[in-house]
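Heads up, the thing below is written out as structure tokens.
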Amino acid sequence: MIIGASATAFSRRLLLGLLCSSAASAVLAAEPAPSAPADTSAQSDASLVGQVFVTARRREESAQSVPIALTVTSAETLTQAGVNSIVALTQLVPTLQVLSPNARNTALTIRGLGASYGLANDGLEQGVGIYVDQVYVSRPGAATLDFVDIQQIEVLRGPQGTLFGKNTTAGALNITTRDATNTFEADAEASVGSLNFRQVKATAAGPIIADKLAARLSVVGTWRDGDLYNPISKLHQNARDSVGVRGQLKYTPTDKLTIKVAADYSAQHPECCTQVYVTVGTTLKPAAQQYAALAAGRNYKVASTNPYDRLSDVDDDIQADQFAGGGSVIVDYDFGNVTLTSVTAHRNWDWEPRNDRDYTALDVTRRSANPSHQKQDSQEFRLSSNGDNRINWTAGLYWFDQNVTTHGVTEYGNDASYWLLPGTNSPDSLLAGYTVFNNSSIDTTSYAAFGQLTWKVNDRFSLTPGLRYTKEKKDGVYAQTVAGGSATTDTTLINRRLGIARPQNFSAKTDDGSLSGQIAAVYAFNENFNVYGTYSRGFKSGGINMTALPLNSSSQPSLSAAVIRPEKVSTIDLGVKTQWFDRLLTANLAVFATNVDDFQANVVDSGPGALRGYLANVEKVEVRGAELDATTRSIGGFKFYGNLAYTDGKYDSFKNGPCPLERIGTSTAACDLSGKALPGLSKWAGSLGGEYRQKTSLGRLSGEAYAGVDASFRSAYFADSSDSIYTRIKAYEIVNLRAGFQSDSGWEAFVSVRNAFDSEYIQNITVVSGNSGLVVGTPGDARAVAFTLRASY
């Protein structure tokens, strides 16, 4: 295991503290066990103190009673920690990892599984489901959008293939926004900070028709200058520029019927996203075909070889415009013994990028853009039992339909032949102006029927079986055409150019059905000490390569690679959920083992150019790990939380994998990666935080003064699927500080310092096209200070 010394010390201290908590719970567990209550609805308000309620099983219940490893983050915690998106949420939830060089190429993983690292492919489904108010959000780019009026976020770990059935083989993010209210309330928030950071948030809610119709409207806007400087364009790049709005109407004509109509829209217009020089790797190619010689041959010198100088030198415009929106209608009708729920939704996502894919000031790739447009419709019906019965159950039907269309273009420049076809003495004119157009469209239709019940065998022991059958069909069409470049009849030159990109035209389809689900058992030693075991079976449908296919031995597209097999995941979870000292302390431990057959990976063609990835199946993947979570309520004004995760994942069998940079030669085809670590996965990750609040009164000013700290760390991990030594991101720690005052009259002011010790770390890494050895990446945010003022009514 490679891990920085500071991260090792941090993890040891964190582990020691959390293990002490677990030891205390074990001692208390030995006390005589009182009878568990049969009906939680009959409990007193005192029995609910210290409880966090979730909807992880599509009904409201205590997080401690759910046989799922999960982390719950409240709106207050998100605000205080400065977490405004799923990308930033990783600092609070160590088992969640997000790689996001830009919105379209965002990959989410939980326990190392869920998405393949590399360029996005429209034919690949995510394994981590994002659900906002019960609506599945298909595009992972939503992870980069600002949160709007969040109530809480539940991160569910492991396959959720029964109730969250849309390909959630790795886990799910269950996000809940705040409801419209029948009493008027409003709040506003404004922040300013480093790099000209500005953020405004505002929410208003209240009745339109007393006790019948209520409304809620929320807006958010975020702006920040770029943290990279480009001396060529004289612009600051990788900026933030986004706005979002969300509205809801809640209609309750009777006590039995509730109708919620919601709509949202978000837009981003940043000067983003580019990367900077990180390192140069040595390949097996002749020295004349490697980066140092190639750069010298064109008198090119990078702006800086230190990524933390934050200097980029791309010579083309960049943009990462993103537009997302949709609406939903949720109807609940209470029949007495059961409630019928209908969730109807439509969403769309538009991606309008522009990139300089060679990441240098050389004229290799003049233009690279893959605008993508997605729309989805879904309908879910659920019938659930009411109350707390001997058997509680949920059954339902689900339909999902999606279309993703992409119209991409890549144009090569005067340096392309020299850089991408080194050693061939090809004229510059061969690729100058050579333009590749790709058009693709893929339709996905999914149907599912599901059911889950919880049988309370007795007051202490319960079983929860669940099954879901999913039928999913995909139809894809891909066409690639080329134009431009010098006119030539030389067959050798023509074949060299076609080796970079050639016309392709194919269609493919996949149609598969699957049975997924779980069986969970929970035993309550007492009302504060539960143990559980869960076996889950997840399934991710087959995929279609919506990109240029790799070439076969005859230099023709390999049509056998157009379709990839479904991914099958099985997980065993064993856990302990405990609370003690009158629920002042909550500590939960989970251990798990996951096996994946036909893991869907996004690999990179190691041939000339190597500009696009394609999908493939990895025979078998294994992940093993343990997770410890602890939180406290206020103890003498102090509150603490800590999370620690150990995760060991590897390719158990991957004989036809992509070669790491250091093993690429002039004719490299594939490498055996069996036994290698999964990309994007830190063996150790954790977070630790605390806050102190003290009642304060100064004249007419009264309220609470507070100070807090949030720290997180990750051990080293590989940032691409080939496990190249040159794409290993080193271990790092981040410490955030905050201090403020919350007035009894409804306003709050606080100062936050993110990355207080200015830790230098890399967020993501890319091996640049052509495999010259150049490796670029995105440095993490430097220390930033912000001041926030909030007011509530």
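Side chains included, hydrogens not; waters and symmetry mates left out as well; all remaining heavy atoms used. Position 1 is the first residue of the sequence, and the numbers go up from there.
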Modelled atom types, side-chain donor and acceptor of T586 and Q579, under 3.5 Å: yes
Check: D146/S266 side-chain N/O donor and acceptor closer than 3.5 Å: no
Parallel, tilted or perpendicular, as decided by the 30° and 60° cut-offs, for the rings of F638 and F640: parallel
salt_bridge(K260, D179) N-O dist < 4.0 Å: yes
Electrostatic pair R59-D388, nearest N-O below 4.0 angstrom: no
Over-ring placement of R58 relative to Y131, 6.0 Å and 45° cut-offs: yes
Check: A587 main-chain N/O paired with T578 side-chain donor or acceptor under 3.5 Å: yes
T71 and its side-chain hydrogen bond (donor to acceptor under 3.5 Å, both in side chains) partner, picked from R157, E154, E627: R157
Cationic N near anionic O, under 4.0 Å, R754 to D710: no
Side-chain donor-acceptor pair present, N392, T454, cut-off under 3.5 Å: no
Any donor-acceptor pair under 3.5 Å from R460 side chain to A524 backbone: yes
Polar contact flag, side-chain donor to acceptor under 3.5 angstrom, N643-S687: yes
